[in-house]
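Structure first, commentary second.
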Amino acid sequence: MKVLILLPPFLPVTEISKIINQILPDSEIVTDINFGSKNSEVLVATTFTLIGKEIIDRLPNLKFIQIASTGYDNVDLIALKERGIKLSNIPTANKESVAEHVLAMVLSQLKNLMHFHNEIVKGNWPFLTNSMELMGKTFGIIGMGAIGRKLAERLLFFGTDTIYYDIVKLSEEEEEILGVRYAGLDEIFSRSDIISVHVPLTDENDRFISKKRFDMMKDGSIFVNTSRGELVDEDALINAVKSKGIRACIDVYSTEPPDPDSELFKLDNAIFSPHIAGVTIESQQRFITETVANVLKYVQGLQPLYGVLP
Amino acid sequence: MKGYEIFRKTIEELKLSPMFGNPGSTEIPILRGVGDYVLTLHDSISVGMADGLAQYSGRPTIANLHTLPGVANSMSFIHTARLNHSPIIVTSGQQDSRHAFYEPLLWHDLQSLVGNAVKYFYEVKNGEDIERVMKRAYSISMEPPAGPVFVSFPMDVVDQDAEYRNLPYSVPNTELIDHGAVEKVLQLIMQASNPALIAGAEVDQFNANEELEKFASILGIPVYTEPLSNRAGFNSESMQNAGDLPPATTAINLALIKHDLILNFGGEFTLYPYLPSPLLPGKKVVTVTMTPSYRFGEYITGNPKLFLMELNKSAEKKGDFVKSPDNSLTNLIARERRVMGASYLLQKARKEFSGHVIVDEAISSSLLVRKHMGYSPRSYFTAKSGQLGWGMPAAAGISLKVPRVLEIVGDGSIIYTIQTLWTISNYNLPVKILVLDNGGYTILKSFSASFYPGLEKAPYLTFSNNILKIAESFGVESREADPDLNELKWLSQGDSPKLLVAKVPKTIPKLFI
């Protein structure tokens, strides 16, 4: 079975070729989107290349596309549906990285690290602090999928009171193992000292974290979004930071890259990162492994995992 | 002299003692010639015990099965013995030949039943056959690849008169070496840019562990263990130990991706599950073995110990590989302690069971057993075939030769031959049994999660048995582990058989790509 691997040229293509030759020697790796017509049945691509109708049309035998990342916004789903082409992504390879990123941001806020850093760089030596411990805080997790669970596992060792909301409640045994308790969204927003969001974006939850939800939050509590920017009403968030002293930890934005003149970036008690919570050296290795495994499943006649268009 | 008396004299001369078996009416006539008999409460257990004892002692052993039903019951164990290279003389009774024409109760063409699972089959035709066929079977069982042979005894034949003639017999010569190939292998190593070694079960079988470790140490290159090895082909503590190879092509290829030359000493590329990658494309693979299968790469026939001894005379440093320390182990154990995870349990067990022979049938935890318990020459055994139920009989067989045996077994595996506990109890065998109880077939759940997601939740993969009560009913003292694992000390103490059940987490590990 012919497999075409379309990589952005900045990746170490020679090294990747050596690995691919040991896995599927008949595969072909290209870095130029003008690769001409191919008879490949499988296309492996990253998020860095737009997979539009033009590319799909050059692959008349194409039956399966594997995107080697969580996101697949670069793929023309309509064109795939018209041809009945399967599409899979890799949604689980970055769960460890995101969970650690959330903790890094939360601890940075609790320990005032940005403030101390800036003061020392300015030549000051601050004596006073309102730093706080994570231990004993109520940590609300919205969405208990792969990332939410990894976060809960790590929180066990911080001694937090971890509550969670998900459309599917965990089993009693799973809750015991993770040390978490199920709560409604009202309780999550009103009781938590820290809230972290880990749900996929759907038509139903667009901007569901609204002014009403921010109004329910405790003054000075911490809000973390490493999920999708569209889940949050950004204006409501800015107002909550200003009026309630909410401390924001933001990795994702309603528009990416965001407007650098946005009010968001004028806030004092906020930390930002560029939609990169899931990107680590280790997670990239896992993306490669999971991508290989899923393509092999298809090649040997099994249903690939993580079907976006199964 | 009656046939059964010749049989007794022959097995005494060949030192085939004890005989393991589960008799039926067709075996009673020949059992008059057997003094040292170990009863098992299922035919298959007798083959498993003979397998364990044969592998540990390196000598042929004998089992006796109850004709058609007994042989049929034991086929999986005979097949395992073939893959384990265990020299077992499997015997059975057979219907009285004088009415075999009528295909009476219990009669069957046993040769067609055992098929190619044995190296040699003979149904004794008269009393004169008995001595010569047993001696021939003995020699063939030892001829590389060592393995099971089969002799059946019709009820009437063992009462025929014949003479014991004290016939000579041979022990096959395994001291074979291809001297010309030694120089060839040394040249291949010289020419290679990044060679690696593979240690197979045959290294342990031919007592070549020390020579392989010396060779790897001189060269300074890594030694991987063959996929799903049934013995300790290499010492887990060696600085040259690069770990176990996984059993699927893609995973093997990735593990060996940096190497251009792979020298395999007595190992096989046992594969499972199927993955579409070809095996080691573009790599030079040379296998030194007494039992070439000619499945993959080039083969040099010879005794791995002798071959390595010759290599060591001229080997020179080639690399500077030393294994990396496992810096995450302390953290892992601390995390696993709170849920009585298998890694925590096995690290604790390692301290209590130092010097024990480990028989491993924990299946979904086998990688952890090897990692945490470690392995060294003649200290680790498991079934090469993938069958369940082999472990406890094998451990019982080994315990006849060595008093310190620990079987580590899953709650699914132990049930297959649970009545082995009766034999262990009845003969007071010094077997200690550690049951990792994760409430079902976790290996199948892991397989399902990787290839057929959703099926891991199927109710038929989950079950629960009160193994403590079962063990007690067979007369084996048993306990359940508490979170501090104080019972591990209890389990290790004394020579009487004991069983400890540890309720480990039911989480599904990712064991497949």
query: Does the side chain of A:L11 reach to within under 4.5 Å of the side chain of A:T31, using non-hydrogen atoms?
result: no
field: Most contacts with chain A, counted as non-hydrogen pairs under 4.5 angstrom, among B:S450, B:P276, B:P505
entry: B:P276
field: Polar side chain donor-acceptor pair, B:S293 to B:E268, under 3.5 angstrom
entry: yes
- request: Count the heavy-atom pairs under 4.5 Å between each of B:T507, B:N253, B:T249 and chain A, then report the option with the highest count.
  value: B:N253
Minimum side-chain heavy-atom gap A:Q284-A:I288 below 4.5 Å: no
query: With a 4.5 angstrom heavy-atom cut-off, which part of A:I23 approaches chain B: side chain, backbone, both or neither?
result: both
field: N-O pairing of B:K384 and B:E226 below 4.0 Å
entry: yes
message: At a 4.5 Å cut-off on heavy atoms, which part of B:K510 comes close to chain A: side chain, backbone, both, or neither?
response: side chain
task: Step through the shown structure and confirm whether more than 12 heavy atoms of other residues, nucleotides or ligands are within 6.0 Å of NZ on B:K283.
output: yes
Contacting region of A:L302 [heavy-atom separation from chain B under 4.5 Å]: side chain
Side chain / backbone / both / neither for A:E153 at chain B, heavy atoms under 4.5 Å: neither
- line: The interface call for A:E173 against chain B, heavy-atom contacts under 4.5 Å, is side chain
Proximity breakdown for A:D26 and chain B, heavy-atom pairs closer than 4.5 Å: neither
Within-4.5 Å side-chain heavy-atom neighbours: B:Y460 and B:Y441: no
- request: Give, as side chain, backbone, both or neither, the part of B:Y452 having an atom under 4.5 angstrom from any heavy atom of chain A.
  value: side chain
query: Side chains of A:R149 and A:K95: closer than 4.5 Å at any heavy-atom pair?
result: no
- request: Under 4.5 Å heavy-atom distance to chain A, tell me which part of B:L256 shows up: side chain, backbone, both or neither.
  value: neither
